[in-house]
Amino acid sequence: MIYIVEDDRNIQEIELFALKNSGYQAAGFETAKAFYKALGERLPELILLDIMLPDEDGMSILKRLRSRADTRRIPVILVTAKSTEIDKVKGLDGGADDYIAKPFGVMEMIARVKALLRRSGGAEESVLCCGSVTLDSEKRLVLVGGRPVELTYKEFELLRLLMKNHGIVISRDVIMERVWDSTFEGESRTIDVHVRTLRQKLGTGGALIKTIRNVGYMADAGEI
């Protein structure tokens, strides 16, 4: 999950659309108050933080994040109209991991998000649960109804991507990029083969993986 703290509704919507279209879960907040409330319910993997906000300055928010034990390691990208060198230095010295100046390109934003998540490893939950399926990233363990299931490396990464984005459709292109580190369209059949094998290995838990015709796949435990 990626949190966006941005009071400009148009910019926030662009950021949300770009992130979700790239296979990420994302939520937007226009005020620090709403952001803090969400933070108390779930910690994100990364935060896109605007500096100029109506109720609290972004630098103040950043200071709070870095002072808390549960949030100090969450990657933060400052997104702001302040683009002078001194502003960037202040932001980075204040604990930000990266800095994007407005106006910015969507492709640049996504590239910076991906790069930062790769470097940091994110703050993602190590244990994911969807229906009867449990996945433990640290132990590299998958359980279905408490029974261990042996998966290959790619099968595990595919299942983790889908479970991590539960309820969101992940396109074949995004799956190829995130799991196989490839953008070659001809390899999309590889995904179908792995999904078929993964479903078989998961048994009753295989119903978790839904096929979205002409688009990709989604993890949805709603009907299990």
Side-chain angles (χ1 to χ4, degrees), residues 1-4 10 12-28 38 41-42 44-46 48 105-107 109-115 117-118 122-137 140-145 147 149-224:
M1 174 65 77
I2 295 175
Y3 284 170
I4 299 170
N10 291 330
Q12 184 187 125
E13 289 180 353
I14 290 172
E15 292 174 334
L16 284 170
F17 177 81
L19 288 168
K20 291 179 179 179
N21 198 45
S22 297
Y24 297 102
Q25 285 184 296
E41 298 171 354
R42 178 178 180 180
E45 295 175 61
L46 181 144
L48 287 167
V106 170
M107 296 296 289
M109 183 196 77
I110 295 299
R112 287 178 179 269
V113 166
K114 289 180 178 179
L117 286 175
R118 281 198 301 268
E124 67 180 51
E125 300 173 8
S126 61
V127 179
L128 301 171
C129 297
C130 294
S132 62
V133 181
T134 299
L135 183 147
D136 190 321
S137 296
R140 301 294 294 186
L141 176 69
V142 172
L143 302 173
V144 178
R147 177 180 61 86
V149 176
E150 188 172 335
L151 301 179
T152 65
Y153 178 81
K154 291 300 184 184
E155 289 167 352
F156 185 92
E157 292 301 311
L158 174 59
L159 180 61
R160 180 164 64 172
L161 175 64
L162 295 174
M163 290 179 65
K164 182 178 171 183
N165 295 280
H166 180 263
I168 296 177
V169 181
I170 308 298
S171 70
R172 283 182 169 81
D173 289 343
V174 170
I175 292 174
M176 285 303 301
E177 180 182 346
R178 303 281 291 280
V179 178
W180 275 269
D181 195 24
S182 171
T183 57
F184 181 47
E185 295 181 0
E187 292 295 328
S188 62
R189 291 183 180 178
T190 299
I191 299 173
D192 299 331
V193 172
H194 276 74
V195 168
R196 184 164 60 249
T197 304
L198 182 56
R199 282 172 172 157
Q200 292 173 350
K201 290 185 176 182
L202 293 177
T204 56
L208 167 76
I209 304 173
K210 313 294 184 186
T211 300
I212 309 302
R213 188 177 178 85
N214 298 323
V215 180
Y217 294 95
M218 174 177 67
D220 183 2
E223 298 179 5
I224 298 178

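Note that these values count all heavy atoms, side chains included, but never hydrogens, waters or copies made by symmetry.
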For Gln200, does the CD atom have more than 12 heavy-atom neighbours from other residues, nucleotides or ligands under 6.0 Å away? yes

Rounded to the nearest 0.5 Å, what's the gap from NZ on Lys114 to CE on Met109? Could you check? 10.5 Å

Which value, rounded to the nearest 0.5 Å, describes the distance between Leu159 atom CG and Leu198 atom CG? 5.0 Å

So, for Ile110 and Ala18, which heavy atoms are closest and what is the spacing to 0.1 Å? CD1-O, 3.7 Å

Please tell me if the side chains of Pro44 and Ile2 come closer than 4.5 Å, counting only heavy atoms from C-beta onward. no

Going by an N to O cut-off under 4.0 Å, is there a salt bridge joining Arg140 and Glu150? no

Arg172 side chain reached by Asp192 side chain, heavy atoms, under 4.5 Å: yes

What are the two closest heavy atoms between Gly23 and Val174, and how far apart are they? CA-CG1, 4.0 Å

Under a 4.5 Å cut-off applied to non-hydrogen side-chain atoms, are Arg199 and Thr211 in contact? yes

Given side chains that start at C-beta, do those of Phe17 and Val106 come closer than 4.5 Å, heavy atoms only? no

For Ser132 and Gly205, which heavy atoms make the closest approach, and how far apart are they? OG-CA, 3.9 Å

Does some side-chain heavy atom of Leu48 sit less than 4.5 Å from a side-chain heavy atom of Leu19? yes

Nearest heavy-atom contact between Val144 and Leu202 is CG1-O, 3.5 Å

Just how far is it from atom OG1 of Thr190 to atom CD1 of Ile175, taken to the nearest 0.5 Å? 11.5 Å

Would you please test Met218 and Ile170 for side chain to side chain contact (heavy atoms under 4.5 Å, CB included) and show each step? CA-CA 6 Å; Met218 174 177 67; Ile170 308 298; over 6 Å; no

Output all residues satisfying side-chain contact (heavy atoms from CB on, under 4.5 Å) with Gln25, sequence neighbours left out; order by chain, then residue number. Met1, Arg42, Asn165, Ile168

Apply side chain to side chain contact (heavy atoms under 4.5 Å, CB included) to Tyr24 and Leu46, showing your working. CA-CA 11 Å; Tyr24 297 102; Leu46 181 144; over 6 Å; no

Does Arg160 use its side chain to pair, donor to acceptor, with the backbone of Leu135 at less than 3.5 Å? no

Sorted by first residue and then second, give each salt bridge (charged side-chain N to carboxylate O under 4.0 Å, His left out) pair with at least one member in residues 15-25; sequence neighbours left out. none

Mind running side chain to side chain contact (heavy atoms under 4.5 Å, CB included) on Lys201 and Thr152 for me, showing each step along the way? CA-CA 10 Å; Lys201 290 185 176 182; Thr152 65; 4.0 Å; yes

Can you tell me how far apart NZ (Lys164) and SG (Cys130) are? Round to the nearest 0.5 Å. 13.0 Å

Which pair of non-hydrogen atoms, one from Glu155 and one from Thr197, has the smallest distance, and what is that distance? OE2-CG2, 3.2 Å

Are Leu158 and Tyr217 side-chain neighbours, meaning at least one heavy-atom pair lies under 4.5 Å? no

Is the shortest heavy-atom distance from the side chain of Val133 to the side chain of Val149 under 4.5 Å? no

Are any non-hydrogen side-chain atoms of Leu162 and Leu208 less than 4.5 angstrom apart? no

CG of Asn21 to CG of Leu16: how many Å apart, nearest 0.5 Å? 12.0 Å

How long is the gap from OG on Ser171 to CD on Glu177, to the nearest 0.5 Å? 9.0 Å

